[in-house]
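Chain identifiers are assigned alphabetically (A, B, ...) following the order of the sequence lines, protein sequences preceding nucleic acid strands; residue numbering begins at 1 within each chain. All values below were derived from every heavy atom in this structure, side-chain atoms included, with hydrogens, water molecules and symmetry-related copies excluded.
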Amino acid sequence: MARAIELHDIGMVFASRQGSVHALDEVSFGAEAGEFLCIVGPSGCGKTTLLKILAGLLFASTGTVQVNGESVRGPISNVGMVFQSPVLMPWRTVLDNIMLQVEVRNLDRGKYRQVALGLLQLVGLAGFERKYPYQLSGGMQQRVSICRALIHDPALLLMDEPFGAIDALTREQMNLELQRIWLDHKKTVVFVTHSIPEAVFLADRVLVMSARPGRLLKVFDVELPRPRTLETMAEPRFSRMVTHIRREMQAHGGLE
Amino acid sequence: MPTDAALGLPGPGRRARWLTSPSLRPRLLAVYHRLAPPAYALVALILLWYLALFISRTPDFILPYPDRIVVAFFKDAGLLYRHTIVTLQEIGLGLAIGIAIGLMGALSLVWSRTLETAVLPWVFLLESTPKIVIAPLLVIWFGFGITTKILVVTLLVFFPVLVTTIAGLKSVETDMLDLIQSMGASRWQVFSKARLPTALPSFFSGLKLSAALATIGAVVGEWMGADAGLGYLLLSAYDSFATPLLFAIIVLLAMIGTLLYQAAALCERLMLPWHASLRQESTIAM
Amino acid sequence: MSLWYLVIAMTRISDSILPAPHQVAFEFLDKYALLVRHTLITLQEVALGLLVGVPLGVASAVVLVWSPALERAIMPWVVFLQNVPKIVVAPLFVIWFGFGIGTKIVIVCMLVIFPILVTTIVGLKSVEPDMLDLIRTMGASKWQVFYKARLPGALPSFFSGLKLSATFAAIGAIVGEWMGADAGLGYYLLVAQHNVQTKALFASIVLVAVIGLLLYQLAVVSERVLLRWHVSVREEETRRVRA
C-alpha cells in the first residue's frame, strides 16, 4: 500500500528580475493516510510553495511528488484546499460557494446539496446557506471555505495558514472544530502555519522548516491524546513541546 | 514610463558597474520583450494600410498613404505651428483657471457644512451630464474670441478637479483625524497636515483626467466658431478635403493630449513618490 | 434659482442673452413636438452606438485577455489611446461615412469602446490568484475558469466603464451632429445658436443634460440590480438607509 503523500528531495528555484531565488532545498517527507501533518517555519521559508507543489499547481525544480502512489504531473483533483483568505465568490451565496466545487466537477447537484447543508450544520452555520459572504464574519467565511474543501470528500486536505487572519479567540474555536471534523472524516491533512502552539495542538507530526532556502530541520511526533481540548494547551507536556520546537527554530536563525 | 528605480537600474554614480553587470542582458531582453510586440503591431497596421490602399485604389482624400501624412506634416509645418500655439494658449489658460476654480470650490465645499449639503448633490448630478453642450451658449455670451474657448476648457477641466479633490479631502481615516486631534491640532493643522496630503493622490487622478479633457475642450470650442487654432484648421482641412493634413492635425492633437497627460503624470510622480498607485502603474507599464 | 431671477431683474438683461427660467419652461410647452422629434433622433443615435459599442468593447476585452500574445501587442496602444482626445477624429468619419446617422453611430461607438474595453480587461484580470489555484484543483476547464470566476468578477469594473460610456455616448451623438446633420438635438442646438434663440438653446441644453443623466442612471440601476453583492452597491444602500 502506497503512502498518502510522498515527497522526495524537493528543490525549488524561482527566476526573478533580481536573479534566482532558492526557495526550497532537499525537502523530503511523507504521510500515511489519515495523518495530520503541520508544517511550521518562519515567513518566506517556502511553506506555501511546498503546498502548491504538493497540489500540482507548481512544478518543483528537482525531486518527485507522489499522491496515493501516483506521480503528480499537473493539478491534482482528489484534494480540498483552504487558503489564508477564504477566497469566496462575493456574488454567490454561502451554499452556492460550496456548490462551486460540485458544479465544476459535474457531480450530482441534488445529492450534494444535502451534503453541503450537512457540512454547514457540522461547522455551526446551519441557516446561513442563503447569506452572502459579506454578511458573515471572517471566521464564518473561513468555515464556509472549509466546507467547500470537504464537500467532494477528497482524500487529502491542504490548508495554507487558514486561520492566520482570524482573531485569537475565534482561532482556538476553529482549531477545536477542525480537529472534530478531522476525527469524523479521517482525511490526510497538510496544514501550514507559523503558530507553533497551533501546530502542536492539531498535528500528529510537526515538520519544522528553516528560513530560505527552506529545508526540513526536524520532525516532532506529538503524542498528546485526542480529542485535545483547551485544557490540553495548559498541560506541561504541551508547553514543553512548544518550547522544544521554538528552540529548534531559534537555533537555526529562524526566529528573530 | 517606468523609472530607473522601478527597472531596478542603479543610479548614475554606479553606471560603470551597471554596464559591466552580468545581469544587464536579461534586463535589456525584458525591455525588448515589452516593446517588440506593440512595435510589430504598428508595423503590421501600416503594412495593412498600404496593402488595402494598393488593392482598393481608394482616393487620397478618403484615406491617404501614411507617407503622405508625414509629408503634410513637414510641408505645412509653419501653418501647423501657428495654429498649435493658439490652441496651446487656450488649453493652458483654460487649465489654469479650471484647476484653480476646481481647487477653491473643493476647499470651500469641504470647509463649510451648509455649502456642502446644499451644493454637493448638484455637483454629483452635473458630473454625469455632457457638459460640452453648453459651448454654443458660451458663444452667444462671449462671442467668437479666445474667451469662449478658454471657458469651454475651464468647464471641462473644472469638474474632475472639483470632484476628485472633494473625494480626496474626505478620504482621511477617522482614526487619523482622532490621532491628530489628540495632539491638540488646530483646525488649520488638521487640514494642512492630514486632509491636504491625503487628498493629493485623488487630486492628481483628477488632474490627469483634466489634462486629457482640456484638448477636447479647446478643439470643440474652436469648432463652435474660430479663425485660428488646430480645431479650426481641422475643420478647414475637412472642408477642402485636404485629408493628409487632416490626419496630420489629428496626430498632432493626439500628441498634445498625450503630452499633457504625461506632464500631469510626471508632476504626480515627482510630488507623490510615496503613493502606492505609482509603483503599481510602473509595473503595469512594464 | 432666485439668484437667477435677481440677476435678470438687476441687469435688465435681454432674454436673448439670458432668459428667465419660466421662459425656458414655456419654450418646452411651445415647441413640444419639435423638441420631441429631435430628441428621439439623438436617442436613436445614442442607443444604436451603445448597442454596437458595448458588445464590441466587451468582445475585444475577452479576446485580449484570452490571448497573451495579442494583449502584449495591442494593450500598450489601448493604454496610449485611452488618454488621447478621440473626438477630434469626428470630421474624418464624416468624410468616410457622410452626413447620415451612420457617422453619429460610429462616433458614439468609438467613444464608448475605450472605457468598456479598458475596464472589462481590468475586471477580467482581477481574479485572485488563490481563486485560480483553487478552481484548478477542482479540475476546471479554461472555459469554466472563464465563466465561473473571471466573468462575474469582471462585472463591477465593467459597470464603472458602462457608467462612463453612458455620458460619453451623449457627447458623441451631439458632437457627431455638430459635424453636420439635419436633425437631432445637436443640430437643433446649433440652429438655435445661429438664430440667437437663447430660450430654445437653453431648452435643448436641459434636454441633453437630462438624456445624459437618464443614461447614467440607467447604468446605475442595472448595476444595482445585477450587483447586489458588490461593495460599492452595498455601501450606497447603507448610506441611503442612514439618510
Exercise. Is it the side chain or the backbone of A:Gln135 that comes within 4.5 Å of chain C heavy atoms, both, or neither?
Worked result: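 For A:Gln135, no heavy atom lies under 4.5 Å from chain C.
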
Exercise. Which answer fits A:Ser85, side chain, backbone, both or neither, if we ask what part of it has an atom under 4.5 Å from a heavy atom of chain C?
Worked result: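 For A:Ser85, side-chain heavy atoms alone lie under 4.5 Å from chain C.
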
Rounded to the nearest 0.5 Å, what separation is found between the [atom1] atom of [X] and the [atom2] atom of [Y]?
| X | Y | atom1 | atom2 | result |
| --- | --- | --- | --- | --- |
| A:Ile76 | C:Thr137 | CD1 | OG1 | 8.0 Å |
| A:Leu51 | C:Asp133 | CG | CG | 10.0 Å |
| A:Gln101 | C:Ile135 | CD | CD1 | 9.5 Å |

Exercise. Can you name the closest pair of heavy atoms from C:Gly139 and A:Val104 and give their distance?
Worked result: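 Closest pair (atom of C:Gly139, atom of A:Val104, distance): C-CG1, 4.3 Å.
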
For this session: Grab the two heavy atoms, one from A:Met81 and one from C:Leu134, that are nearest each other, plus how far apart they are.
Result: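 That would be O-CD1, 3.6 Å.
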
For this session: Could you tell me whether the side chain of A:Arg105 reaches within less than 4.5 Å of the side chain of C:Gln144, counting heavy atoms only?
Result: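 C:Gln144 does not reach A:Arg105 side chain to side chain.
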
Problem set entry | Contact check, side chains of A:Met89 and C:Glu128, non-hydrogen atoms, under 4.5 Å |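 No, side chains not in contact.
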
Problem set entry | Flag if over 12 foreign heavy atoms under 6.0 Å of NE2, A:His152 |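 Yes - once you tally the heavy atoms of other residues, nucleotides and ligands closer than 6.0 Å, there are more than 12.
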
Problem set entry | Heavy atoms from other residues, nucleotides or ligands near CD of C:Gln82 exceed 12 (cutoff 6.0 Å) |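 Yes - once you tally the heavy atoms of other residues, nucleotides and ligands closer than 6.0 Å, there are more than 12.
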
For chain C, which of [options] has the most heavy-atom pairs under 4.5 Å?
| options | result |
| --- | --- |
| A:Ser77, A:Pro133, A:Ala149 | A:Ser77 |
| A:Trp91, A:Phe83, A:Tyr132 | A:Trp91 |
| A:Val82, A:Asn106, A:Val79, A:Leu100 | A:Leu100 |

